[in-house]
Structures are given as structure tokens and as C-alpha cells.
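Structure, as C-alpha cells:
Hydrogens, waters and symmetry mates play no part in the numbers below; they use all other heavy atoms, side chains included. Numbered from 1 within each chain, the chains take letters A, B, ... in sequence-line order. Remember, it's a predicted structure, so these values are computed and weren't measured experimentally.
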There are 2 protein chains.
Amino acid sequence: MSTDPTPPGFELPLRLLLAFRTIIDELHERIAREGHPDLRPMHGFVFQAIGPHGTTAVELGRRLGVSKQAAGKTIEGLEQLGYVARGSDPADARRKVVRLTDRGVDCLARSARIFDELRAEWSATLGEEQLRRLEDGLRQLAPGDPFRLDTPRWFGTP
Amino acid sequence: MSTDPTPPGFELPLRLLLAFRTIIDELHERIAREGHPDLRPMHGFVFQAIGPHGTTAVELGRRLGVSKQAAGKTIEGLEQLGYVARGSDPADARRKVVRLTDRGVDCLARSARIFDELRAEWSATLGEEQLRRLEDGLRQLAPGDPFRLDTPRWFGTP
DNA sequence: ACGGATGGACAACCTCGTTGACTATATGGA
DNA sequence: TCCATATAGTCAACGAGGTTGTCCATCCGT
């Protein structure tokens, strides 16, 4: 009886990234076929950061880890794509509230459904028990809120 | 006896990304303390793409999934940081071969050692058996060569 | 009522990617 | 041999998206 050699340490992180990419690419392929071909991987993060109640450019920048000006540009782009709309706040004339449009909400709902479908497919591939062990292991390796919203900017320059 | 509810489908990809970020951030924190404070997450990919025998700007761009001009700019930056050096190819006067310097090789060796150290720490946290099951599961979810070198560009715009 | 804090917008700049055009060199076929 | 084509590298212009600095309108506590 022999023991498998220990895998090199760099394999796990690369597999983590590859698995993430695989999932996100598959998500965007499907959501593009369902009428949202303009979305980029980072847009899902932005939609989550905007949230169901809307937000402002300053708050969005804080959540995404970018300046308020950068958040403003992102909002402008999503506005032109029809995913968000800006309105005024009657209680504070300075604030301009950004909310998801029906199209944005539709996109978010489809994303959630497709993610669930993908998980069901992985469950069928690995077995539900092994998938849960994998999720449990990841929770121990990387505890805390998985919604780190400053990820899009994390690559790139200092 | 009750069954835990199925986690939402979006948790797994977010945990995959969070775990990857955690590992890479830890790597760069340690390698910065060991004399390489200028490195960015993407530089490890570039070093791997250059490889032990050196390469050219065109080939590097092909491996990284960017244009030869972008690869050239990246090489220029790493050259100024002292991690790579350019030489000429006696067999083909058009080619300029990019090779890792001693400093680049040192960095690559330290990365490999730190990755192994980190894996040993995760093994102590999760238990070697569970860590292997996690790696096995990821290999099934994301099979194939984990060295997808076009990742740095993968976020960002079309 | 006023002075500081806050939200938003505009401008200038930086980094890093792109495409297009150009030069120098290899290479293969008439 | 000679020429057409393909390839390696570089330069220039541009765009996306981030940064900081500045300014103005609006709130809010004293």
C-alpha cells in the first residue's frame, strides 16, 4: 500500500481560481442567452452592492472599495445599459439614489436561479455529501462574509 | 433528525474566490517581508509564463492572453524592477529572449516554498484527509491544467 | 444663522489594455 | 537566386477605468 505524494502547494489556489472562473464563465454564458449579453463578471458584484433598496454613489464606492468618482462612472455605464436608474431623495436634496430597474432586478433573479441550477449540477457530479464537505472546508479556510465587494479592483495596480 | 438546508448556489463561487484571495494575499504579505515588496498578484502568473528557459514577447502575450504590445510593456516593467533581463537570440536576430534574473528565480523559489508552507498550515487546520478531499473535489469541478495564464485580464472590459 | 461635514460632479492625470502602422529579419517556393 | 509572405519587435494613438484635487449645493449641530 502506497500513499499519494503531497500535491504542490500552488495547486490549491490555482484550482480555486480555475473553479471560480469556470462557474462565473458558465453563469455569464447562460445569462447572456437569456437576454443579458452585456454583463461583465464584475457587474454581479455591483448589483449586489446596490442592493434591493438602492444606494448612493458614495456608499457604493465604499462597498466596492473604490472612490466615489469611480463608483459614479460605473453607475453611469450601468444606467446607459438600462440596469439602474437614478432618482432624487426627497428627504435629502444632495443624495441621488441609484436603484435597479426592472431589467436589473430580472438579471439578479436570473443570476440567483442559474447559480442554484449550477450548484445542483455540481451536486449531481460530486454527490451532495462531497459538495457539502467542500463548502464546509472552504468556510473554514476562508471564514467570514463571502461578499467581499472590492474584488474587481483587487487585481491591477496599487 | 433534521437536514441542513441547501446553501444558496452563489455561496460556493464566492467562497472559492475569497479563499483564493486569502491565500494570495497571505503569500504576498510573506514574500514582501522576504525582500520582494514590489510584486503584484499577477506577477506570479507572468513568471510562470516566462518559464525556466525564457520566452519572447509574442509568446508571452499568447500565454497570457494579451497582445504582444501589452506583453512588451509588462516585460519592460519587470525589467526595471530587476526580475527579468532581455537578451538576443543568436539563431534569430528578430527575437529578444526574456529570461528571469537571479532575483526573479529567487522570487519564484520563495513563492514555491511559501505555497508549500501555507498548504501545510491548511493541512493542520482542516486535517490532511479533508484537505485532500477538497483538492480532489476541485479537480473534478475544474479539471484540466490549472495554469490558465490569461487570468489577470479576465476581469475587466471586453 | 452659521460653519463644518457630506453628496455629487468636473477636470486632469495615470496605468494598462487595445488596434494600426512600420521596420527588420526569416523562410519557402518559382 | 530572388521575391513574397510571415514573424518579432517597436512606436503612436486611443479607450476604459481607476486616482486625486477642486468646487458647489445641501444638510445639520451648536
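We find that NZ of B:Lys73 is positioned 16 Å from P of D:dG9, with the value rounded to whole Å. A straight line from CG of A:Leu64 to C1' of D:dG18 spans 13 Å, rounded to a whole angstrom. Atom NZ of B:Lys96 and atom P of C:dT23 are 16 Å apart (whole Å). One interatomic measurement links the two molecules: CZ of B:Phe45 to C1' of C:dG17, which rounds to 18 Å at whole-angstrom precision. Atom pair B:Arg95:CZ and D:dA6:C1' shows a separation of 15 Å (rounding to whole Å applied). The distance from atom CG of B:Asp38 to atom P of C:dT15 is 14 Å, rounded to the nearest whole Å. In this structure, B:Ile75 places its CD1 atom 19 Å from P of C:dT15, rounding to the nearest Å.
Side chain of B:Thr74 to main chain of B:Ala70: a donor-acceptor pair is present (N/O by atom type, distance under 3.5 Å, no hydrogens or angles). Listed for the A:Ser123 side chain is no donor-acceptor partner under 3.5 Å among the backbone atoms of A:Arg119. No side-chain donor-acceptor contact under 3.5 Å links A:His28 to the backbone of A:Asp25. Proximity of a side-chain donor or acceptor of B:Asp89 to a complementary backbone N or O of B:Arg95 within less than 3.5 Å is not detected. A side-chain donor-acceptor contact under 3.5 Å links B:Arg15 to the backbone of A:Ala142. Listed for the B:Thr101 side chain is a donor-acceptor partner under 3.5 Å among the backbone atoms of B:Gly82.
The side chain of B:Ser88 contributes no N or O atom lying less than 4.0 Å from OP1 or OP2 of D:dG9. Put simply, A:Arg86 has no side-chain N or O that comes within less than 4.0 Å of OP1 or OP2 on C:dG7.
Summarising the geometry of B:Leu126 relative to A:Gly137, their closest heavy-atom pair is CD2-O, 4.0 Å, with the distance given to 0.1 Å.
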Practice prompt. Take A:Glu34 and A:Arg113, measure what side chain to side chain contact (heavy atoms under 4.5 Å, CB included) needs, and give me the verdict at the end.
Written response: CA-CA 12 Å; A:Glu34 296 190 13; A:Arg113 178 182 51 73; 2.5 Å; yes
Show each protein N/O and nucleotides 20-27 of chain D N/O combination with a separation under 3.5 Å, one pair to a line.
{"residue": "D:dG21", "atom": "O6", "partner": "A:Gln69", "partner atom": "NE2", "Å": "2.4"}
{"residue": "D:dT26", "atom": "O2", "partner": "A:Arg94", "partner atom": "NH1", "Å": "3.4"}
{"residue": "D:dC27", "atom": "OP1", "partner": "A:Ala93", "partner atom": "N", "Å": "2.6"}

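Partners of A:His36 by ring-ring contact (aromatic ring centres under 6.0 Å, His included), not counting sequence neighbours, listed by chain and number: A:Tyr83.
Residues from residues 53-60 of chain A with heavy atoms under 4.0 angstrom of DNA chain D: there are none.
Of the two residues near DNA chain D, A:Thr74 and B:Arg62, the one whose nearest nucleotide lies more 5' is B:Arg62.
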